[in-house]
Amino acid sequence: MRKLTDVHVHLAALPTPQNGCRVSRRLLGGPVGRLVSRDMGLPLDQPEQASLLYLERLRAELLGSARVGRAVLLGMDGAYDESGRLDEEHTDFLIGNDYVLECSARAPALFLAGVSVNPQRRDALDELERCAARGAALVKVLANSQRFDPALPRYRPFYKVMARLKLPLLAHVGFEFSLIGHDQSVGDLGRLVPALEEGVTVIAAHGCSTGLFFAEKHWALMGELVRRFPRFYADVSALTLFNRVGQLLRIARHPELFGRLLFGTDYPLPVYSYPCLLAGAGGAWAASRAAANRFDRQVLVLEALGVELRADFADLAGGR
Ligand SMILES: [Zn+2]
């Protein structure tokens, strides 16, 4: 059986003079900081060591997976002001593209580079070209914290370049809790239509869920985009979280969507087994809980719910 590609794995690093990453004190003092320091036991006072450890643990967990063979490592661009300069005050977390490209190049059989380019940055088009030339597999954006509206007409040239370079766009959808959200409406699914119109392969994160428990306002539009755009996909990352599980249960009842679902976890966020119980699959629940890594756990949950992943990133990424 072919192993799956996880399209949604976050790369995390603490700033060092070499890696070009940034993390604000505000963020380190919040839930993300706690996740990294307490749950993952990373030494916040030793940035180089912590960054290496993060990558090493991820590598070990992925190598331990029976079902998932590769992961797209995601970078995180910052916020930019009207003139396209980095807005340091509003950038809480930045994982630079060079760091993403270097980490994935160190283990190319395991990792693909999911660079992040905010279309608002003044060198956005050059950065797309540069990253594509270095083998980037996709571009990730999180408009809520990167403070831009993906639907603005002025970003159409950006999408045209992405389409020409065959770089898929992985876009966060819904509210953003982990980082610090600003204008949450820029996470609306409908804002991705201009990118689709320009011919970009768009992967909407988290199964298009809003992250607001069972109020799934994007549901009808998700179905419409699947029908209208053959290049529209959704990843299933983070869907075992309580605030998104409603969407997972709904997706499971709609096999017509299965051809457009891509595997994802949202690593390092946890993957839970309890959705198996909601589907009455006690045996699968036990098997999923017993899984040694969260990649296999997520696969087992999806199978218990009858969600078939009929597409894989390997098929749509232009042979990457
Ligand atoms: Zn994510």
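Hydrogens, waters and symmetry mates play no part in the numbers below; they use all other heavy atoms, side chains included. Computed from a predicted model, the values in this text were never measured in an experiment. Note that ligands are numbered from 1 as they come in the structure, with each ligand's atoms numbered from 1 the same way.
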Exercise. Sort out for me which residue in Arg244, His218, Lys217 forms a side-chain hydrogen bond (donor to acceptor under 3.5 Å, both in side chains) with Ser209.
Key: Arg244
Practice problem: Working to the nearest 0.5 Å, report the span between SG of Cys208 and CE of Met222. | Solution: 4.0 Å
Exercise. May I ask you to decide if the ring planes of His10 and His8 are parallel, tilted or perpendicular, using 30° and 60° as cut-offs?
Key: perpendicular
Quiz item: What are the protein N, O or S atoms, given as residue plus atom name, that sit under 2.8 Å from the Zn ion (ligand 1)?
Solution: His8 NE2, His10 NE2, Asp266 OD1
Exercise. To the nearest 0.5 angstrom, please state how far the OH atom of Tyr159 sits from the CG atom of Leu128.
Key: 10.5 Å
Quiz prompt | is_close_aromatic(Phe263, Phe295), centroid dist under 6.0 Å | solution = no
Quiz item: In terms of the angle between their ring planes, are Phe242 and Tyr274 parallel, tilted or perpendicular, with boundaries placed at 30° and 60°?
Solution: parallel
